[in-house]
Amino acid sequence: QGTVRSQTLHDLTTQLLTWGFQRQVTMRAVHLPGWRNVRADMLSRPNKVIPTEWTLAQRVVNQLFLQLGRPHVDLFADSTNCKLPTYVSPVRDPYALAVDALSLDWKGMYAYAFPPTNLLTQVLTKMQATQGQFLLIAPMWPQRLWFPTLKRLSRGVPVKIPVDQNPLSQRLGNGRLVLHPKPSMLNLHAWKLCNNP
């Protein structure tokens, strides 16, 4: 299986492979892209800001829930940034309802979603095909290809996220809290979406 420079890691690997062999368990290494392996990336780069991992301040989210209703589940979260007790994590998490929101059936949900912007096309496509309600945090970017779908699913006027007291942050792998350098450039809004085919 190759060699390693660390004797400790070599010994652990040998134990793991022996354990698997004795139980007829096959193991293989699989590459996970960085956006699906955020927690591991954070551990290996404790001072690095990850562009897809911003979270809204709880005070802002609470105000949105008062205005637009309290959803039942947070679709894109982990134990460190979930806005609701029930959440779906991108990685294995013993406290999460499920792993990987895009593989979950959203039918009948009222869900809160603040996905990375690079997933908005997939998220809106899934919302369009699902009977449910959603409170989506997304930029007001009319030039994007996904924007017409967002407008079509929207019910009511979107609520602009205030940026006077920076509402976006993320906790780095070293535990330090970092505020977004320019939250106004995202032009974030809360959209109440509904699809009842």
Side-chain angles (χ1 to χ4, degrees), residues 35 38 50-90 93 95-171 179-197:
W35 66 271
V38 171
I50 302 169
T52 60
E53 294 306 301
W54 296 107
T55 186
L56 274 179
Q58 190 66 51
R59 65 182 158 70
V60 174
V61 174
N62 290 342
Q63 188 61 42
L64 292 173
F65 290 173
L66 284 174
Q67 288 177 264
L68 302 170
R70 185 180 178 84
H72 306 120
V73 61
D74 186 342
L75 289 178
F76 296 89
D78 64 33
S79 60
T80 66
N81 65 11
C82 58
K83 303 304 176 200
L84 294 159
T86 304
Y87 63 94
V88 179
S89 176
D93 181 333
Y95 302 106
L97 170 69
V99 175
D100 186 10
L102 290 171
S103 68
L104 193 65
D105 182 3
W106 297 351
K107 185 177 181 181
M109 285 187 176
Y110 180 28
Y112 171 80
F114 184 11
T117 53
N118 63 338
L119 293 182
L120 275 171
T121 298
Q122 289 175 270
V123 168
L124 288 164
T125 299
K126 189 168 177 84
M127 288 177 176
Q128 186 173 248
T130 302
Q131 188 173 358
Q133 293 185 61
F134 307 94
L135 174 52
L136 178 70
I137 307 301
M140 177 75 78
W141 289 346
Q143 71 282 8
R144 295 297 172 102
L145 292 175
W146 46 259
F147 197 78
T149 305
L150 175 59
K151 291 285 284 184
R152 192 169 40 259
L153 293 173
S154 182
R155 302 294 181 263
V157 178
V159 177
K160 185 167 177 54
I161 304 297
V163 293
D164 51 338
Q165 297 176 347
N166 194 336
L168 290 172
S169 66
Q170 74 174 260
R171 193 156 302 278
L179 296 178
H180 193 286
K182 294 182 181 176
S184 59
M185 71 180 242
L186 296 175
N187 197 14
L188 289 177
H189 285 67
W191 305 78
K192 182 84 175 262
L193 307 180
C194 184
N195 186 30
N196 293 309

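Values below: all heavy atoms of this structure, side chains included; hydrogens, waters and symmetry mates excluded. Worth saying up front: this structure is predicted, and the values here are computed from it rather than measured.
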query = Which distance, rounded to the nearest 0.5 Å, do you find between the OG1 of Thr149 and the CD of Gln128?
reply = 5.0 Å
query = Arg155: what forms a side-chain hydrogen bond (donor to acceptor under 3.5 Å, both in side chains) with it, not counting sequence neighbours?
reply = none
query = Under a 4.5 Å cut-off applied to non-hydrogen side-chain atoms, are Leu145 and Thr121 in contact?
reply = no
Distance in Å, Leu136 CG paired with Leu75 CG, rounded so as to fall on 0.5 Å steps = 9.5 Å
query = Quick check: does any side chain N or O of Lys83 sit under 3.5 Å from a backbone N or O of Asp74, one acting as donor and the other as acceptor?
reply = no
key: Flag, side chain of Ser154 to backbone of Leu150, donor-acceptor distance under 3.5 Å   = no
note = In terms of heavy-atom contacts, Ile137 and Ala190 come closest through CD1-CB, 3.8 Å
task = Examine distances only and state if a side-chain atom of Asn166 and a backbone atom of Leu179 form a donor-acceptor pair shorter than 3.5 Å.
result = no
query = Nearest 0.5 Å, what's the CG-NZ distance between Leu102 and Lys126?
reply = 6.5 Å
message = Treating Lys160 as the side-chain partner and Met140 as the backbone partner, does any N or O pair qualify as donor plus acceptor under 3.5 Å?
response = no
task = With rounding to the nearest 0.5 Å, note down the distance linking CH2 in Trp54 to NE2 in His180.
result = 5.5 Å
Donor-acceptor contact present, side-chain His189 to main-chain Trp191, <3.5 Å = no
request  = Kindly give the heavy-atom pair with the smallest separation between Ala77 and Cys82, and that separation in Å.
outcome  = CB-CA, 3.7 Å
ask   = What class does the angle between the rings of Trp146 and Trp141 fall in, given that below 30° is parallel, 30 to 60° is tilted and above 60° is perpendicular?
value = tilted
ask   = Hey, are the side chains of Asp93 and Val99 touching, using non-hydrogen atoms and a 4.5 Å cut-off?
value = no
ask   = Under 4.5 Å between any side-chain heavy atoms of Ser89 and Tyr95, yes or no?
value = no
request  = State whether the number of non-hydrogen atoms from other residues, nucleotides or ligands found under 6.0 Å of Leu66 atom CG is greater than 12.
outcome  = yes
task = With the side chain counted from C-beta on, respond yes when Leu97 and Tyr87 share a heavy-atom pair under 4.5 Å apart, and no when they do not.
result = no
Exercise: identify the closest heavy-atom pair between Leu120 and Pro139 = CD1-CD, 3.8 Å
key: Min side-chain heavy-atom separation Val60-Gln165 under 4.5 Å   = no
inquiry  = One pair to check against side chain to side chain contact (heavy atoms under 4.5 Å, CB included): Thr55 and Leu168. What are the steps and the verdict?
reply    = CA-CA 5 Å; Thr55 186; Leu168 290 172; over 6 Å; no
note = What one should report as the nearest heavy-atom pair of Pro183 and Pro181 is CD-C, 3.8 Å
note = With Phe134 as partner, the option from Tyr110, Trp106, Phe76 fulfilling ring pair (Phe, Tyr, Trp, His ring centres under 6.0 Å) is Trp106
inquiry  = Please report the interatomic distance CG(Leu135) to NE2(His72), rounded to the nearest 0.5 Å.
reply    = 12.0 Å
message = Within the structure provided, determine whether Asp100 and Pro90 are in side-chain contact (heavy-atom separation under 4.5 Å).
response = no
query = Out of curiosity, Gln122 CD to Asn118 CG, how far, rounded to the nearest 0.5 Å?
reply = 8.0 Å
query = Under the 3.5 angstrom rule, does the side chain of Asp78 hit a backbone N or O of Asn81 as a donor-acceptor pair?
reply = yes
remark   = In terms of heavy-atom contacts, Pro167 and Ile161 come closest through CG-CG2, 4.0 Å
ask   = Looking only at heavy atoms, which two atoms of Val159 and Leu64 are closest? And how far apart?
value = CG1-CD2, 3.9 Å
inquiry  = Could you tell me if the side chain of Leu153 sits less than 4.5 Å from the side chain of Met127, heavy atoms only?
reply    = yes
message = Run Leu84 and Val73 through side chain to side chain contact (heavy atoms under 4.5 Å, CB included) and show every step you take.
response = CA-CA 6 Å; Leu84 294 159; Val73 61; 5.5 Å; no
